[in-house]
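Working notes, beginning with the structure itself.
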Amino acid sequence: MTYTVPLRDIRFALNALAGLDDVLALPGFEEVTPDLVDAILDENARFVEQAIAPLNRAGDTQPPVLRDGAVTTTPGFAQAFKAYAQGGWQGLSHPQDWGGQGLPKLVAAPASENINAASLAFSLCPMLTDGVIEALLTAGTDEQQRKFVPGLISGQWTGTMNLTEPQAGSDLAQVATRAVRQPDGSYRVTGQKIYITYGEHDLAENIIHLVLARTPDGPPGVKGISLFIVPKFLVGDDGAVGARNDVWCASIEHKLGIHGSPTAVLMFGSGQGDVGEGAVGYVVGEENRGLEYMFIMMNAARYAVGQQGIAVSERAYQQALAYARDRVQSRAVEGSSGPVPIARHPDVQRMLLTMRALTEAGRAVSFVAAAAHDRGKHHADAQVRARNMAFYEYLVPVIKGFSTEAALEVTSLGVQVHGGMGFIEETGAAQHYRDARILPIYEGTTAIQANDLVGRKTLRDGGAVAAAAIAAMRDTLAALATVVAGARSDGAPQGAWAVLHDHFEAAIGAYENAVQYVLAHAKDNPRAVFAGSVPYLMLTGLTHGGWQMARAALACEQHIRDGDTDKFYVQKRATAFFYGAQLLPRVTALSQAVLAGEVTEACGTDGDIA
């Protein structure tokens with residue numbers, strides 16, 4: 001099935017919810033006009049629809065092949081990546097000084113979502129490259145930036161993140177890869193890394209690996225981890241690619257989904273390259289601060305993976321909606337002269353609206369976060385910068401955790417809408433479900449995101465960011481109350497505004513209760529608090545999604561009252577009403593689960609679940 005970029009909803013979320021005009025008014029974005037943003041969105045839509053989306057099925061059915069240490073990607077991927085690089089898409093948000101376009105994150109965010117929706121497998125390569133660029137621009141030396149960043153931004157090279165080892169999954173304290181300093185200041189890196197996405201491929205002439213490793217005299221645990229640049233081919237001072245480094249692909253994984261992206265097992269130091277035994281590496285920043293530097297890349301990747309969840313949800317929704325409109329089966333429940341499209345059946349409508357509401361709410365939250373990031377980086381007032389960056393950092397684990405878990409629900413519903421045909425691979429619905437399954441796992445599982453939300457993002461500031469968000473939500477609640485008390489526009493379902501208001505009010509209260517429980521019990525009973533960390537994350541995501549959908553309903557209502565006849569506003573408002581009626585009630589139940597953390601923890605004492 002073809003994919004169509006949801007430009008109408010993207011533009012609405014950018015302007016009505018994320019405040020695009022305010023972002024474009026920030027220092028540094030003087031040359032970025034609304035017309036330019038519109039042109040970028042239009043061109044991005046054309047590119048991903050024509051060049052990337054048609055590769056999605058091929059990536060699933062014709063995965064990359066490893067022969068003699070070299071990986072050949074799915075037919076069409078190399079040509080598409082060349083077009084991606086030539087179009088300047090890799091450098092969209094990176095500094096102009098290094099060959100990028102210097103656009104706001106808020107402008108890059110929809111472009112990123114769209115390429116993910118077109119093909120998750122293809123998009124992983126540029127996504128990881130973005131993280132390498134950001135890490136080097138933040139922690140690399142001037143020489144490292146000069147040598148490696150331009151080639152990455154141009155798309156001439158790509159980048160990877162090398163954390164995991166067979167004995168060290170999420171517990172990076174167990175990383176055993178070694179790096180020994182050489183007389184010339186370089187290092188020789190030896191060890192094995194697994195799950196390295198695009199660790200070997202034929203899309204670009206060089207691959208720049210960022211590798212976590214230990215120096216011989218480093219302290220034990222995570223404090224002894226350093227970060228190294230290990231290029232596939234060494235790079236000269238003039239930027240030219242030179243000798244083959246001693247890093248090799250031993251195998252590529254056979255996966256449940258995202259078949260089109262090669263996931264490599266990499267061997268560092270097998271003695272097969274042109275440089276002798278041990279891969280040549282260069283330390284990033286200071287020794288023993290590697291995890292700190294890698295988190296720069298990981299946080300960028302976590303936001304991007306959250307967008308992947310939104311993207312695959314959009315694609316699954318589009319396919320399910322098209323099928324439901326075409327598939328004719330059974331009479332309407334209220335009676336009809338014959339079979340009707342299944343899109344008219346109430347439960348199919350419920351499934352489709354759930355898919356749409358979760359997707360659009362996730363998109364809105366991700367764009368609002370991107371705008372906060374831009375303000376946190378570029379606003380002239382230091383206090384405003386600090387406040388916005390704290391809000392962005394608070395939302396990152398929510399976007400990553402909630403949007404990827406929501407993607408499992410959305411893509412599963414997509415299969416269900418198709419019925420038996422959804423279980424048949426040829427329809428394509430199953431691919432979205434399989435592709436989505438990795439998203440709550442990589443770049444930190446949902447539990448890791450939830451623990452981050454509890455520990456670093458709630459406890460560390462005493463719940464200050466959460467309290468500020470709740471106060472802003474109550475402002476939106478007051479605006480809803482005004483609409484409920486006054487005259488509604490024609491066409492609004494009777495009582496829909498009241499339901500949205502009441503359920504949002506209950507969700508805010510449940511969210512606040514959960515935050516207070518975390519703050520009150522983290523010290524005296526941390527196991528009880530962390531036993532409810534995932535429900536805490538999910539209720540946070542649902543509440544923030546409900547907040548943005550309530551704001552969307554208010555914005556649409558204003559357009560309708562002003563006489564705007566665009567059907568989009570009626571449909572968007574209806575989606576917000578559905579979210580309020582069917583999804584916000586989940587928050588109360590999740591809050592009760594958080595408050596019952598002591599009981600939950602006791603059920604699994606000492607690992608004895610039976």
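Nothing here was measured: the structure is a model prediction, and the numbers come from that model.
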Looking at every heavy atom in both Gln96 and Gly102, which two are closest together, and how far apart are they? CG-N, 4.0 Å
More than 12 non-hydrogen atoms from neighbouring residues, nucleotides or ligands closer than 6.0 Å to CZ on Phe423, yes or no? no
Tell me whether Lys377 is salt-bridged to Glu134, with the criterion being a basic N under 4.0 Å from an acidic carboxylate O. no
Classify the ring geometry of Tyr84 against Phe47: parallel below 30°, tilted from 30° to 60°, perpendicular beyond 60°. tilted
May I ask you to check whether over 12 heavy atoms, not counting those of Glu31, lie within 6.0 Å of atom CD? no
Asn44 (side chain) donor-acceptor with Ile40 (main chain) under 3.5 angstrom: no
Flag, side chain of Gln90 to backbone of Pro126, donor-acceptor distance under 3.5 Å: yes
For Glu512 and Gln516, what are the C-alpha separation, side-chain angles and deciding distance, and is it a side chain to side chain donor-acceptor pair (under 3.5 Å)? CA-CA 6 Å; Glu512 187 170 40; Gln516 292 304 319; 5.2 Å; no
If only atom types and distance count, is the side chain of Arg315 paired as donor or acceptor with the main-chain N or O of Ala118 below 3.5 Å? yes
State whether the side chain of Gln431 and the backbone N or O of Asn56 hold a donor-acceptor pair below 3.5 Å, judged by distance alone. yes
Quick one: does any side-chain atom of Asp374 pair with a main-chain N or O of Leu106 as donor and acceptor, under 3.5 Å? yes
Look at Arg456 together with Glu393 and state whether they make a salt bridge at an N to O cut-off of under 4.0 Å. no
Heavy atoms of Ala109 and Ala370 approach each other most closely as CB-CB, 4.2 Å
Does the side chain of His544 come within less than 4.5 Å of Phe402's, by heavy atoms? no
Between the CG atom in Leu537 and the CD1 atom in Ile399, the distance rounded to the nearest 0.5 Å is 10.5 Å
Pairwise side-chain contact, Phe391 with Val368, heavy-atom cut-off 4.5 Å (strictly under): yes
Donor-acceptor pair, His345 side chain versus Gln329 backbone, under 3.5 Å? yes
Is any side-chain heavy atom of Pro341 less than 4.5 Å from a side-chain heavy atom of Arg325? no
Measuring from atom OG1 of Thr476 to atom CD of Glu505, what distance do you get when rounded to the nearest 0.5 angstrom? 13.0 Å
Test: Glu360 and Arg363 ion pair at under 4.0 Å: no
Min side-chain heavy-atom separation Gln307-Met127 under 4.5 Å: no
For residues Ser533 and Val454, report the shortest heavy-atom separation together with the two atoms involved. CB-CG2, 3.9 Å
State, yes or no, whether a side-chain contact exists between Ile438 and Ile441 at a heavy-atom distance under 4.5 Å. yes
Ser403 side chain to Lys400 backbone, donor-acceptor under 3.5 Å: no
Check for a donor-acceptor pair, side chain of Gln449 on one end and backbone N or O of Gly444 on the other, with a separation under 3.5 Å. yes
Would the distance check show the side chain of Arg302 and the main-chain N or O of Glu443 forming a donor-acceptor pair, the cut-off being under 3.5 Å? yes
What's the spacing between Tyr323 OH and Ile342 CD1 if we round to 0.5 Å? 6.0 Å
Apply side chain to side chain contact (heavy atoms under 4.5 Å, CB included) to the pair Gln548 and Tyr579, showing each step before the final yes or no. CA-CA 10 Å; Gln548 299 311 322; Tyr579 193 105; over 6 Å; no
Can you list the steps and then say if Trp547 with Val365 is a side chain to side chain contact (heavy atoms under 4.5 Å, CB included)? CA-CA 9 Å; Trp547 181 21; Val365 173; over 6 Å; no
Exam field: side chain Asp562 to backbone Asp564, donor-acceptor pair closer than 3.5 Å: no
Check the pair Arg573, Trp497 against side chain to side chain contact (heavy atoms under 4.5 Å, CB included), reporting the backbone distance first and the verdict last. CA-CA 10 Å; Arg573 187 182 61 180; Trp497 283 107; 3.9 Å; yes
Any carboxylate oxygen within less than 4.0 angstrom of a Lys/Arg side-chain nitrogen, looking at Arg11 and Asp42? yes
What closest approach, in Å, do Phe77 and Leu55 show between heavy atoms, and which atom pair accounts for it? CE1-CB, 3.7 Å
Distance-only polar pair, side chains of Thr458 and Tyr536, donor-acceptor under 3.5 Å: yes
Near Glu334 CD, under 6.0 Å, is it more than 12 heavy atoms from other residues, nucleotides or ligands? yes
How far does CD1 of Ile133 sit from NE2 of His94, to the nearest 0.5 angstrom? 3.5 Å
Report the C-alpha distance between Tyr394 and Thr540 in whole Å, list the side-chain angles of each, state the deciding distance to 0.1 Å, and finish with yes or no for side chain to side chain contact (heavy atoms under 4.5 Å, CB included). CA-CA 10 Å; Tyr394 179 86; Thr540 302; 3.8 Å; yes
Taking the side chain as C-beta and beyond, is there a heavy-atom pair between Gln319 and Val417 under 4.5 Å? no
Say you draw a straight line from CZ of Arg375 to CG of Asn388; how long is it, rounded to the nearest 0.5 Å? 5.5 Å
All heavy atoms of Arg344 vs all of Ala332, minimum pair found to be NH2-CB, 3.8 Å
Of all heavy-atom pairs linking Ala357 and Thr575, the shortest is CA-CG2, 3.7 Å
Side-chain heavy-atom pair Val465, Lys457 within 4.5 angstrom cut-off: no
Does CD belonging to Gln416 count more than 12 external heavy atoms closer than 6.0 Å? no
Taking atom OH as the centre, does Tyr433 end up with more than 12 heavy-atom neighbours from other residues, nucleotides or ligands that are less than 6.0 angstrom away? no
So is Lys105 actually on top of Tyr392's ring, under 6.0 Å and inside 45° of the axis? no
In Å, rounded to the nearest 0.5 Å, how long is the span from OG of Ser119 to OH of Tyr3? 11.5 Å
Please examine the side chains of Gln308 and Tyr442, heavy atoms only from C-beta on, and report whether any two atoms are closer than 4.5 Å. yes
